[in-house]
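Per chain, numbering begins at 1; letters A, B, ... match sequence-line order.
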Amino acid sequence: LWLCNRLMSAYKGVGRTDKSLEVFKWMKEKGTLPDVTSYSQVMDAHNKAGRYTAAVEVFEECLATGQDGDTILFSTAMMAYSRMGDKMAVKRVYESMIDRGMRPNVACSNILINAFSKAGDYRGARRYFDDLPNLGLKPDHRTYSVMLDMASKEGQPEEAEALFREMQSLGLVADATTWGSMVQMYSRQGDLPRVKRWFREMLRSGCHPTVPTFNSLLFAFVKLGMYNECRTVLEVMQQRGMQPS
RNA sequence: UGAUGCCU
């Protein structure tokens, strides 16, 4: 069991989700009963390959074995529904954890918030965010990342700036994703001074921009017809050995 | 040995 789980993890780590599935089938054939970790890994392999329906089927198979599911198993199922764009199903799985007497952690909330945000249900997403303290949970850097992405896409600069400060006041360090949300928001608005200000501040903080971060910067230059600056961004990316998307 | 965030 231990060996199979490690193998599935290793294959998944190098993008060979097909081999993870093979190990899963093989262990069942050999009479080794998969545990919740095994099931979670197979579901995650399906998610990474875009086979969300298959992930859900494995989830149901696991529940049918009568084993007690854990937080990771359920959150992996939530991810499958989230990627399918089915926020209500995400909510159902989340609530089923509570019905079973489980205590969802902040990762579950993050998935839930993101599912609602991606579905355009900003009100619902905010409700789950605001509810965190009542559940005895503290938002983490990913919670803020999700919330900042939402504020950015929604075009709510005052909320985004407030969230950013709140995040920092909690001692959470901004990373390429959170800085990038700020850049993205102002890029979409064509607010070049603020794009520059946030991008520079990111660099000053010692954060290394990633491909999406550069893309947000590019977006502003494209929008403003600044062709030379676009070329420069691409050159910088290439100099850094990055593969533009 | 397993889950959650930004572009594509």
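Between the side chains of A/Asn114 and A/Asp149, no donor-acceptor pair of N or O atoms lies under 3.5 Å.
Among the nucleotides B/A3, B/G5, B/C7, the one closest to any side-chain atom of A/Ser245 is B/C7. Distances were taken from every side-chain heavy atom of A/Thr71 (C-beta onward) to each of B/G2, B/A3, B/G5; the shortest belongs to B/A3. In the set B/C7, B/U1, B/C6, the nucleotide with an atom closest to the side chain of A/Lys118 is B/C6. For A/Val146, the listed nucleotide lying nearest its side chain is B/G5; candidates were B/A3, B/G5, B/G2.
No donor-acceptor pair under 3.5 Å is formed between the side chain of A/Ser117 and the backbone N or O of A/Ile113.
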* To do: Give the C-alpha distance, both sets of side-chain angles, the deciding distance and a yes or no for ring pair (Phe, Tyr, Trp, His ring centres under 6.0 Å) between A/Tyr144 and A/Phe164.
  => CA-CA 8 Å; A/Tyr144 279 100; A/Phe164 198 92; 9.5 Å; no
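Residue A/Leu73 is in base contact, counting any heavy-atom pair closer than 4.0 Å across all strands shown. Backbone-only contact: A/Thr76 has heavy atoms under 4.0 Å from sugar-phosphate atoms and none from a base. Heavy atoms of A/Val106 sit nowhere under 4.0 angstrom from any nucleic acid atom. Using a 4.0 Å heavy-atom criterion, one finds that A/Asn47 contacts no nucleic acid atom at all. If you check every strand for non-hydrogen atoms under 4.0 Å, A/Thr37 touches a base.
Distances shown here put a side-chain N or O of A/Arg83 below 4.0 Å from the OP1 or OP2 atom of B/G5. Here A/Lys48 does not reach the OP1 or OP2 of B/G2: none of its side-chain N or O atoms lies under 4.0 Å away. For A/Arg142 and B/U4, the shortest distance from a side-chain N or O to OP1 or OP2 is not below 4.0 Å. Between B/C7 and A/Lys153, a contact under 4.0 Å exists linking OP1 or OP2 to a side-chain N or O.
Between A/Asn5 atom CG and B/A3 atom P the separation is 12 Å, expressed in whole Å. Between the C1' atom of B/A3 and the CE atom of A/Met97 lies a distance of 10 Å, rounded to the nearest Å. Nucleotide B/A3 holds its C1' atom 16 Å from the OH atom of A/Tyr81, rounded to whole Å. Between the OH atom of A/Tyr128 and the C1' atom of B/G5 there is a distance of 19 Å, rounded to whole Å. Atom-to-atom, CG of A/Leu112 to C1' of B/G5 comes out at 14 Å; the value is rounded to the nearest Å. Rounded to whole Å, atom C1' of B/U8 lies 14 Å from atom CG of A/Asp149. Residue A/Tyr94 contributes atom OH, which lies 20 Å from atom P of B/A3 at whole-angstrom precision. Rounded to whole angstrom, the span from the CZ atom of A/Arg6 across to the P atom of B/U1 amounts to 5 Å.
Residue A/Ser75 places a side-chain atom within donor-acceptor reach of the base of B/A3, judged by atom type and a 3.5 Å distance cut-off alone. Under 3.5 Å, the side chain of A/Asn215 and the base of B/C7 form at least one donor-acceptor pair of N or O atoms. Looking at A/Asn105, its side chain comes within 3.5 Å of the base of B/A3 through a donor and an acceptor atom.
When the ring-ring contact (aromatic ring centres under 6.0 Å, His included) test is applied to A/Phe219, no partner is found at least two apart in sequence or on another chain.
Using a 4.5 Å heavy-atom threshold, the side chains of A/Glu154 and A/Glu159 count as touching.
A salt bridge is defined here as a Lys NZ or Arg NE, NH1 or NH2 lying under 4.0 Å from an Asp or Glu carboxylate O, and A/Lys25 with A/Glu22 fails to meet this definition.
Annotation for A/Gln243: atom CD does not count as buried by contact number, only 12 or fewer foreign heavy atoms lying within 6.0 Å. More than 12 heavy atoms of other residues, nucleotides or ligands sit less than 6.0 Å from atom NZ of A/Lys28. Other residues, nucleotides and ligands contribute over 12 non-hydrogen atoms within 6.0 Å of the CG atom of A/Asp99.
Applying a 4.0 Å cut-off to non-hydrogen atoms, the residues of residues 182-214 of chain A that approach RNA chain B are A/Gln184, A/Val211, A/Pro212, listed by residue number.
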